[in-house]
Amino acid sequence: MYMPSNRGFITDGLRRSIGDTMGKEYWIGDVTAGSHDAKEVVLKGWVHRARGSNKIWFIVVRDSTGHVQCVAKRDVVGEECFESLRNALIESSVEITGVVEPTDREHGHEVQVSSATVVGPVNPDRPFPITESAMEDSDGGETEFLLDNRHLYLRTSRMTTMLKIRSTVFGAIHSYFRDRDFTEYQAPNFVAGAVEGGSTLFEVPYFGKKAYLTQSWQLYAEAAMPALERLYTMAPSFRAEKSRTRRHLTEFWHAEMEVAWASNDEVMEHGEGVVRHVASTLLEEMSEELEEMGRDLSMVARFAESEYPRMRYDEAIEILQSKGVEVEWGQDLDYSKEKILTSDFEVPHFLTHYPRVAKPFYHRPDPEDPKYVLCHDLLAPEGYGEIIGGGERTWSEEEILERIDEEGTPRDPYEFYIDIRRYGGVPHGGFGLGVDRLCTWLSGAEHIREAIPFPRDSRRVTP
RNA sequence: GCCGACAUAGCUUAGUUGGUGGAGCGGUGGACUGUUAAUCCACAGGUCGCAGGUUCGAGUCCUGCUGUCGGCGCCA
């Protein structure tokens, strides 16, 4: 939803200053909202579409707040101006002065142009390559062409809408944690050891040594847990998985949190809390944008208002077996099984208490039955799959050494991590949330690539 | 790592049994005084991904390579 008060200095009565206007005084969103009716405005933006005759020329101008049609008449603007506007190809940048006229026509408001200049022209030898036909969905996915021209595709309405939704998701996650007295905390991106299996690490040369790009903030967050007690971050994580699916990136944005003294159940409450908070924030601030993306708002409302059921791993196995799926106890649940399991779900579900053998060493074994670990995954419905993974951490020195050794993981890179247990270890836990996955799911997008400006996967690092 | 598809103009694509590659959009020129993906007329634009092979002749058949897309495993 366009909020005039964010930028519209006239509508909300904010005092103007050079700092407020930042090179631009009028916003198209304000024009179409009726804030400047019958007044002269100076619009700065880009040519979205243009058409007309040799006497009258229509230019639909876009800025970050909307579109408006500007009408230039040859006998009003003069020969030179008229010709320069006629020659302004799509995506030329323009500065247009004119009077806002409310009309009954399609866009509701028009600007009667009195003068105009083309700020940054587009050369007809190289017209803007993203055309209507380029955006035709040949098979549901984005074409190679659009991915190659991502830097230009960003300014199309679909991507712009997605970027606004994404910004709101990021803001909502920050506000959720900050409103609950979490401290934002940053971990290094160059690290020496893995969090997950070693095969998915990106190795980088580091002054004659080897370093890796971080897969998670978690281990370093645990180091600060005794200092801050409640902490969170949103930062990129890197995984060298050659995954070719609609939910994987090699560089993704990871919202992670860690809480001292917390149980698995309490951590899950925050997982549910943050996802529901994001969904309700989107409903409040981005309902128009969600509809533009083709998202049914009643679905998002359901995700914001419902409680998320919790199911133990054993229960999930029973359900799968009753559906005739071949699955053995102890197996991790892969996506094909997640998909069958979640096909009947209408809201996200937590899956808890996985077998110890299926999870890495930092998961705490359940004291009531050490075959299991105190962990949880949050599975989004509609086939979107896992968006959160978390749980309680192994927190005593004895137990962490036992878990590391049984896994065959070398102790060396984790000495700092073990130290956290040697000096006043306490129960604690946390989770990691895939922010791009959350954006994909809540906006109803087909592919995670749609939810991030420059997606990275195993085959693409450009542009 | 595995499986499966695809590659023709700037873009989206048609191309029959192997016989001199078409269209729409975009661009250029022109017509048109209210258009909404404007319309109408004309023009330009192609090493049919690359390399071999079969054939009198290959966009089309065969082999290899490259690239891309989709899916699996793994995960957020």
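Computed from a predicted model, the values in this text were never measured in an experiment. Order of the sequence lines sets the chain letters (A, B, ...), proteins ahead of strands, with each chain counted from 1.
- For the pair H376(A) NE2 and rA76(B) P, the computed distance is 11 Å after rounding to whole Å.
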Query raised in the report: When every nucleotide of nucleotides 31-36 of chain B is labelled 5' to 3' by its protein contacts under 4.0 Å (heavy atoms), B for base, S for sugar-phosphate only, - for none, what sequence of letters results?
Result: -BBBBB
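- In terms of phosphate contacts, R449(A) brings a side-chain nitrogen or oxygen within less than 4.0 Å of OP1 or OP2 of rG70(B).
- A salt bridge is absent between R437(A) and E386(A): the closest approach of a Lys/Arg side-chain nitrogen to an acidic carboxylate oxygen does not fall below 4.0 angstrom.
- Atoms CD (E450(A)) and C1' (rC69(B)) sit 15 Å apart, rounded to a whole Å.
- Taking the P atoms as reference points, rA7(B) lies 8 Å from rA14(B), given to the whole Å.
- Below 30°, between 30° and 60°, or above 60°: for Y185(A) and W217(A) the angle between ring planes is above 60°, a perpendicular geometry.
- Under 4.0 Å is where a charged nitrogen must lie from a carboxylate oxygen, and between E291(A) and R295(A) no such pair does.
- The distance from atom NZ of K359(A) to atom P of rC75(B) is 7 Å, rounded to the nearest whole Å.
- Residue contacts for L438(A): at a heavy-atom cut-off of 4.0 Å it reaches no nucleic acid atom on any strand shown.
- With pairs defined as Watson-Crick or G-U wobble and both atom distances under 3.5 Å, the stems of at least three pairs that touch RNA chain B come out as B:1-7 with B:66-72, B:10-13 with B:22-25, B:27-31 with B:39-43, B:49-53 with B:61-65.
- Residue contacts shown for I90(A) are absent, as no nucleic acid heavy atom lies under 4.0 Å away.
- Side-chain N/O atoms of S243(A) and base N/O atoms of rC75(B) include no donor-acceptor pair closer than 3.5 Å.
- Across rC75(B), rC72(B), rA76(B), the shortest atom-to-atom separation from the side chain of E338(A) is found for rC75(B).
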**Report entry** Working for side chain to side chain donor-acceptor pair (under 3.5 Å), residues S157(A) and E292(A)
**Finding:** CA-CA 9 Å; S157(A) 58; E292(A) 278 172 40; 5.9 Å; no
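- Distances shown here put a side-chain N or O of H447(A) below 4.0 Å from the OP1 or OP2 atom of rG70(B).
- S237(A) comes within contact range of no nucleotide atom at all, as no heavy-atom separation falls under 4.0 Å.
- Once the 5.5 Å centre distance and the 30° plane angle are applied, the aromatic ring of F252(A) is found stacked with the base of rA76(B).
- Taking the six-membered ring wherever Trp is involved, the centroid distance between the rings of F252(A) and H254(A) falls below 6.0 Å.
- The CZ atom of R246(A) sits 8 Å away from the P atom of rG70(B) (whole-angstrom rounding).
- Aromatic ring centres of Y308(A) and H349(A): separated by at least 6.0 Å.
- A distance of about 26 Å separates the P atoms of rG71(B) and rA9(B), rounded to the whole Å.
- When each of rC74(B), rG27(B), rC11(B) is scored by its nearest atom to the side-chain atoms of P127(A), the top-ranked nucleotide is rG27(B).
- Within the cation-pi definition used here (under 6.0 Å to the ring centroid, within 45° of the axis), R247(A) qualifies as a partner of Y335(A).
- Residues R459(A) and D334(A) both approach RNA chain B. Their nearest nucleotides, taken by heavy-atom distance, put R459(A) toward the 5′ side.
- Rounding to whole angstrom units, CG of residue L378(A) and C1' of rA76(B) are separated by 11 Å.
- For the pair D332(A) and D457(A), both in contact range of RNA chain B, the more 5′-proximal nearest nucleotide belongs to D457(A).
- We find that CZ of R126(A) is positioned 12 Å from P of rC11(B), with the value rounded to whole Å.
- Close to rC69(B), at under 4.0 Å from its OP1 or OP2, lies a side-chain N or O of R244(A).
- The gap from the P atom of rC11(B) to that of rG26(B) amounts to 15 Å, rounded to the nearest Å.
- Ring centroid separation for the pair Y414(A) and F361(A) comes in under the 6.0 Å cut-off.
- Paired with Y232(A) under the rule side-chain hydrogen bond (donor to acceptor under 3.5 Å, both in side chains), one option of R180(A), R178(A), E258(A), H270(A) passes, and it is R178(A).
- K337(A) and D334(A) are joined by a salt bridge, as a carboxylate oxygen and a charged side-chain nitrogen come within less than 4.0 angstrom of each other.
- Not one side-chain nitrogen or oxygen of R239(A) sits closer than 4.0 Å to the OP1 or OP2 atom of rC75(B).
- At the heavy-atom level, D377(A) lies nowhere under 4.0 Å from the strands shown.
- Using P as the reference atom, rA58(B) and rG21(B) are 12 Å apart when rounded to the nearest Å.
- rU60(B) sits 14 Å from rU54(B) when the C1' atoms are compared, rounded to a whole Å.
- In this model, a side-chain donor or acceptor of S133(A) finds a partner on the base of rC11(B) within 3.5 Å.
- Sorted by first then second residue, the salt bridge (Lys or Arg N to Asp or Glu O under 4.0 Å) pairs that include residues 54-71 of chain A, not counting sequence neighbours, are K24(A)-D63(A), R62(A)-E91(A).
- Rounded to whole angstrom, the span from the CG atom of L201(A) across to the P atom of rC74(B) amounts to 18 Å.
- At whole-Å resolution of the value, CG in N87(A) and C1' in rG26(B) are 16 Å apart.
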Query raised in the report: Can you check side chain to side chain donor-acceptor pair (under 3.5 Å) on D314(A) and H353(A), steps first, answer last?
Result: CA-CA 8 Å; D314(A) 285 1; H353(A) 299 81; over 6 Å; no
